Amino acid sequence: MSDHLDTEDRVREALRHRAALVDPADRLTAILDAAHAEELEHPGGHSLSRPRWLVPLAAAAALLMIVGGVWLAERRPTAPLHSANPPTATPSLPVTSPTPTPPSPTPTSTAVPSTTSVALPVYVINDNAWPVSAATTRWALFREFHRVPLAQPTDAGSRALAAAGLALASETPLEPGGTLQVWQGVSARSVSVSATGITVTLGGSGNAALPAALKRLAVDQLVWTVQGAVGRGNLPVRLVMADGGSTVFGSVSVTSTFSRPAPLQYATVLGDIWVTAPEPGAVLPAGTVTVSGQACVFEAALQWELRRSGAVVATGSAMASIGAPERGTFSVPLGRLGAGDYVMTVWSTSMKDGSIAAARQVSFTVA
Amino acid sequence: MAVVSTAAGAGARPASADEAIASLYAAQWRPLVRLTWLLVHDDGLAEDIVQDAFVATHRHWDRLRDPDRATAYLRRAVVNGARSALRHRGVEERYAATRSAPVLAAVPEDLATLRARTDDVMGVLAGLPARQREVLTLRYYLDLSEAEIAAVLGIARGSVKAHASRGLATLRARIGDPRTEGLS
């Protein structure tokens, strides 16, 4: 058969045949996570981030420095394992606040690692319609970005460890007015990242009295968070209990790895509506404002309401780029807003009875 | 204060960077990762390079706006990313080592023949200078024109023609061509 193919045909055939064997993993979420984190780190649009494939080189260079004696006698683990204190020690600054560099520790040697401010994706558990609907709909994950100082050079493991600490310390609002720390008593001891997976070592065993669905969602919360911080798509996540146990929360087995579901199943885990911009609490300069986000709602139909100082100033409807079960994106151009404190609410209604099926609310200020 | 009611429909609103990237991703992620794999022969590295290209496109979306321009930008970014990765990470050695790696396990005879032909061509391609390899890959995998390849690589059309000609000549010499076999 090849006798009938000229060289160009053979090149075309070989390239297409070989390329067809490449089946890339889904990374859309990782791409958007990285893009939003970059926007927060470099709001002017001038990114100083290095190519993803250079990060291991930086880590290796740092390791060489350690081996070379710069940080001799440091109790550093062998890379790429990252250890941590309990999560309560992990600092978190609101993304819209100034980001002061924490004071440097008193130098005890000639080399003191410097820190850099890094924006990390952190998944939190909320009710799918909180705070718009008083009735509990379902628990779901919502993504936030937190800015934290990390010792340079940062790498996937250090970012994942810091993000895991933030996720474990996050609190879920409850009606009326209470909060629940789902991971109370559990800490992220270390995170290691390899080409084939992420391993998180946990201290503490978790609250065995939580409802089963909330236990599983909490594990998803940790998995999505460390995967987002690592930024390499749906890498399998292994949880290791520091006490040698085989379960977390008393009943969720950790003997197998955890991964995100297929994209069409994201609705079983993620909140139906996310507002990704502006960030909660953002202080925006005077000018036009556009609210954007993601949605997985029936017929892609969304409604929204903008309030300033409690008074409704605009309402409207919007369409996501695609309807459920796909997860689409949406944007609502609000035009030029005067100075003031605003609350934007985006929601979808149930086709069955018109009740609020999903909602998300974000507060921001126009200076 | 008066209530202002507006509607923001999919057709009326400007595309946000997220929307644009999601749309581009649906159309371009898989082909671009495959293209990049053909240049670097490393699954994870190919995904990393294309992911970085998408993040860069998101960053520059206000300037790009047009999906066609964004696609061209993505292609340039992944080819440049592949070249940088090969240069900086010593992947050339790994790339060369994989050029004779089997493509498929045990397969029926026709597939085995296809595999053998694929391995022959991929082996010769892997030994070509980087620019020739890039030109031939863009020409015969993506079916880009000389002008499009010139735009992706940032070189003159004449250079594209020259690289393609040299690369094909090497391939003909190594794997044979029925049109020239027997001729002296």
Side-chain angles (χ1 to χ4, degrees), chain A residues 1-8 10-22 24-25 27-28 30-32 34-35 38-39 45 47 49 51-54 57 195 231-233 276-277 290 292-294 300 304 308 311-321 328-333, chain B residues 1 3-10 13-19 21-23 25 29-30 33-35 37-38 43-52 54-56 58-60 62 81 84-85 88-89 103-104 113-114 117-118 120-122 125 136-137 140-141 168 171-172 175 177-179:
Chain A
M1 184 177 171
S2 64
D3 290 344
H4 301 100
L5 298 174
D6 66 18
T7 304
E8 291 175 286
R10 287 188 64 179
V11 174
R12 187 175 283 111
E13 174 197 70
L15 290 171
R16 291 181 178 175
H17 173 59
R18 188 58 190 86
L21 300 177
V22 178
R27 288 206 186 185
L28 178 58
I31 288 167
L32 293 178
E38 191 178 86
E39 282 175 351
S47 170
S49 61
R52 196 162 306 280
W53 45 265
L54 269 181
L57 277 186
R232 290 174 179 261
T276 54
T290 297
S292 57
Q294 302 178 13
W304 59 268
R308 182 168 67 183
V312 176
V313 294
T315 63
S317 59
M319 294 289 289
S321 56
T329 55
F330 67 89
S331 60
V332 180
Chain B
M1 187 172 293
V3 174
V4 179
S5 183
T6 61
R13 69 182 187 283
S16 71
D18 281 6
E19 288 174 284
I21 291 301
S23 176
Y25 177 92
W29 168 253
R30 185 180 296 265
V33 172
R34 288 176 166 173
L35 167 68
W37 189 95
L38 292 172
D43 292 17
L45 180 59
E47 290 181 15
D48 283 352
I49 290 168
V50 181
Q51 177 171 334
D52 284 340
F54 270 96
V55 173
H58 187 286
R59 185 190 318 140
H60 296 303
D62 282 345
S84 292
H88 285 96
R89 291 193 62 186
V103 174
L104 296 170
T113 305
L114 175 59
R117 287 206 306 271
T118 297
D120 287 348
V121 173
M122 295 301 293
L125 274 174
L136 294 181
T137 302
Y140 296 109
Y141 178 61
L168 277 177
L171 277 156
R172 283 198 187 94
I175 64 176
D177 187 327
R179 295 178 307 179

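Everything quoted here is computed from the prediction, not taken from an experiment. We name chains A, B, ... by the order of the sequence lines, and we start the count at 1 in each one.
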Region of B:Asp120 that comes under 4.5 Å of a non-hydrogen atom in chain A: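 Just its side chain gets close to chain A.
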Region of B:Tyr25 in contact with chain A, defined by heavy-atom distances below 4.5 Å: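 For B:Tyr25, the contact with chain A is made by the side chain alone.
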Give, as side chain, backbone, both or neither, the part of A:Leu32 having an atom under 4.5 angstrom from any heavy atom of chain B.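 Looking at A:Leu32, just its side chain touches chain B.
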Under a 4.5 Å heavy-atom cut-off, does chain B meet the side chain of A:Ala300, its backbone, both or neither?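 Looking at A:Ala300, nothing touches chain B.
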Hey, what do you get for CG (A:Leu21) to CG (B:Asp43), rounding to the nearest 0.5 Å?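 Between atom CG of A:Leu21 and atom CG of B:Asp43 there are 10.0 Å.
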Among the listed options B:Trp29, B:Tyr140, B:Tyr141, the residue most often paired with chain A at heavy-atom distances under 4.5 Å: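 Max contact count across the listed options: B:Tyr140.
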Looking at B:Asp48 and A:Arg27, is there a salt bridge between them, counting it only when a charged N and a carboxylate O are closer than 4.0 Å?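 Looking at B:Asp48 together with A:Arg27, the answer is yes, because their closest N to O distance falls below 4.0 Å.
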When you measure from the side chain of B:Glu19 to the backbone N and O of A:Ser321, does any donor-acceptor pair fall under 3.5 Å?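 No, B:Glu19 side chain to A:Ser321 backbone: no donor-acceptor pair under 3.5 Å.
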Hey, does the side chain of B:Arg34 reach the backbone of A:Ala20 with a donor-acceptor pair shorter than 3.5 angstrom?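 Between the backbone of A:Ala20 and the side chain of B:Arg34 there is a qualifying donor-acceptor contact (under 3.5 Å).
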For A:Ala34 and B:Gln51, which heavy atoms make the closest approach, and how far apart are they?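 What the structure gives for the nearest pair is CB-NE2, 4.4 Å.
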